[in-house]
Amino acid sequence: MPASMRSPANNTRELCHHPLEHVVQPAHDMRDRMLSEGYSPITINRRLAVVRRILNLAYRRWDWLNQPLGQKIQLLSEKGTARHIYLSKEQVAELAGHMSGAPRSIMLLAAYTGLRRGELLDLRPEQWHPPYITLDSRTKSGRPRTAVVIDELHELVQLPWGVTDNELRKQWERARLLSGLEHVRFHDLRHTFASWLAADSSIPLTVIRDVLGHSSLAVTSRYSHLRTDALDAVQQALNRQTK
């Protein structure tokens with residue numbers, strides 16, 4: 001299974017007790033529940049894509065089904081759903097104040113390293129070499145990379161975490177509710193870290209690409225609009241030319 005589908009696959013375990021030939025309706029019930037709980041269409045579709053892939057394999061390759069039930073899994077429209085939310089360091093601290101233990105540490109590391117939720121949950125002791133966290137090829141991009149941890153967070157890296165994704169999710173949901181940030185997704189912590197780096201024009205976009213593990217510089221360039229100091233330099237140059 002592709003690395004990008006592992007986390008959604010883990011989160012579809014609620015469907016495991018349903019026979020494959022009867023899983024379509026429960027999958028749609030899961031979709032509707034997630035919508036009511038505020039999950040984004042993109043997140044929901046990732047989970048549904050896992051179900052659809054399994055159903056397609058069961059029909060086309062494994063001969064477990066007599067009909068292509070994967071075609072009946074209806075995804076949500078993602079039109080207009082692309083958006084990035086960038087938090088301030090004060091907002092991150094507010095969220096952390098409503099969390100504790102390993103979930104709090106994971107949340108702070110997500111904001112200050114840009115590591116993905118799954119990457120953080122899967123960390124092993126041998127990957128921690130202060131001040132660096134090294135990731136192997138099991139990342140989303142399939143390439144190893146290194147994350148830098150600021151000094152203030154070193155004591156929070158206590159591996160293995162001994163916490164489940166469900167426990168992390170529960171604390172995260174509670175924290176964003178108490179902080180008045182219900183619209184914020186956990187993945188927005190990664191976007192937040194990227195925005196902090198991008199705001200500093202002394203850090204090349206190629207470095208930001210490598211730190212975040214983006215597949216291409218085009219992905220990283222989505223944050224280039226945050227480089228206001230670079231725009232100020234352009235304005236000053238234009239002003240000099242017009243004098």
### Task
Write down the atom of Leu217, the atom of Arg209, and the distance for their closest heavy-atom approach.
N-CD, 3.9 Å
### Task
Answer yes or no: is there a side-chain heavy-atom contact under 4.5 Å between Gln67 and Lys72?
yes
Solution key, residues 171-179 side-chain donor-acceptor pairs under 3.5 Å, sequence neighbours excluded:
unit_1: Gln171; atom_1: OE1; unit_2: Ser100; atom_2: N; d: 2.8
unit_1: Gln171; atom_1: NE2; unit_2: Ser100; atom_2: O; d: 3.3
unit_1: Glu173; atom_1: OE1; unit_2: Arg176; atom_2: NE; d: 3.0
unit_1: Glu173; atom_1: OE1; unit_2: Arg176; atom_2: NH2; d: 2.9
unit_1: Arg174; atom_1: NH1; unit_2: His98; atom_2: O; d: 3.2
unit_1: Arg176; atom_1: NH1; unit_2: Glu182; atom_2: O; d: 3.0
unit_1: Arg176; atom_1: NH1; unit_2: Val184; atom_2: O; d: 2.5
unit_1: Ser179; atom_1: OG; unit_2: Ala175; atom_2: O; d: 2.8

### Message
Checking His18 now: which residues fulfil ring pair (Phe, Tyr, Trp, His ring centres under 6.0 Å) with it, not counting sequence neighbours?
### Response
none
### Task
Tell me, with the steps shown, if Leu87 and Leu95 meet side chain to side chain contact (heavy atoms under 4.5 Å, CB included).
CA-CA 10 Å; Leu87 302 178; Leu95 287 164; 3.8 Å; yes
### Pairwise distance CG(Leu55) to CG(Leu20) - rounded to 0.5 angstrom
6.0 Å
### Query
Short question: side chain of His214, backbone of Val211 - any donor-acceptor pair under 3.5 Å?
no
## Note on the structure
For Val92 and Met107 the tightest heavy-atom approach is O-CE, 3.7 Å
### Message
Give me each pair satisfying salt bridge (Lys or Arg N to Asp or Glu O under 4.0 Å) with a member in residues 17-35, each pair once, sequence neighbours excluded.
### Response
Glu14-Arg33, Arg33-Glu37
### Message
Using a 3.5 Å distance criterion without hydrogens, assess whether the side chain of Asp188 forms a donor-acceptor pair with backbone atoms of Arg185.
### Response
yes
#### Entry: Distance-minimising heavy-atom pair for Ile106 and Leu168
CG2-CD2, 4.0 Å
### Message
Measuring only between side-chain heavy atoms, which start at C-beta, is Asn56 closer than 4.5 Å to Arg52?
### Response
yes
### Task
Determine whether Leu108 and Glu152 make a side-chain contact, defined as any pair of heavy atoms from C-beta on separated by less than 4.5 Å.
no
### Any residue meeting side-chain contact (heavy atoms from CB on, under 4.5 Å) with Val148, in chain and number order, not counting sequence neighbours
Tyr132
### Query
Can you find a heavy atom in the side chain of His154 that is under 4.5 Å from one in the side chain of Val149?
yes
### Straight-line distance of Asp122 CG to Arg117 CZ, nearest 0.5 Å
12.0 Å
### Task
Return yes if a side-chain donor-acceptor contact under 3.5 Å exists between Asn166 and Thr164, otherwise no.
no
## Note on the structure
Distance col, row His183:NE2 vs Ile85:CD1, nearest 0.5 angstrom, shows 4.0 Å
### Query
Are the side chains of Leu48 and Gln74 in touch, meaning some heavy atoms are under 4.5 Å apart?
no
### Query
Which heavy atom of Leu156 sits nearest a heavy atom of Arg104, and at what distance?
CD2-NH1, 4.0 Å
#### Entry: Any Ile54 side-chain heavy atom under 4.5 Å of Val23 side chain
no
### Query
Can you list the residues that meet the ring pair (Phe, Tyr, Trp, His ring centres under 6.0 Å) rule with Tyr112, with sequence neighbours excluded?
Trp196
### Summary
Between Val163 and Pro103, the two heavy atoms sitting closest are CG2-CG, 3.9 Å
### Task
Nearest 0.5 Å please: distance from the CG atom of Leu75 over to the CZ atom of Arg46.
12.5 Å
### Query
Is a side-chain donor or acceptor of Trp161 paired with a backbone partner of Ser105 at a separation under 3.5 angstrom?
no
### Query
Considering residues at least two apart in sequence or located in another chain, which fulfil the ring pair (Phe, Tyr, Trp, His ring centres under 6.0 Å) criterion with His187?
His191
### Query
Sub-3.5 Å donor-acceptor pair from the side chain of Gln127 to the main-chain atoms of Ile133, do we have one?
no
### Query
Can you find a heavy atom in the side chain of Leu76 that is under 4.5 Å from one in the side chain of Leu35?
yes
### Message
Show the nearest heavy-atom pair for residues Leu65 and Tyr59, with the distance to one decimal.
### Response
O-CD1, 3.6 Å
### Query
What's the spacing between Arg190 CZ and Leu212 CG if we round to 0.5 Å?
5.0 Å
### Query
Where the side chain of Gln25 meets the backbone of His22, is there a donor-acceptor pair that is under 3.5 Å apart?
no
### Task
Could you check Val24 against Val51 for side chain to side chain contact (heavy atoms under 4.5 Å, CB included), going step by step and ending with a plain yes or no?
CA-CA 9 Å; Val24 173; Val51 180; over 6 Å; no
### Query
Is Thr192 reaching over with its side chain to a backbone N or O of Ala111, donor-acceptor style, under 3.5 angstrom?
no
### Message
Within this structure, what is the CD1-CZ distance for the pair Ile73 and Arg53, rounded to the nearest 0.5 Å?
### Response
14.5 Å
### Query
Do the non-hydrogen side-chain atoms of Leu135 and Leu115 ever get within less than 4.5 Å of each other?
yes
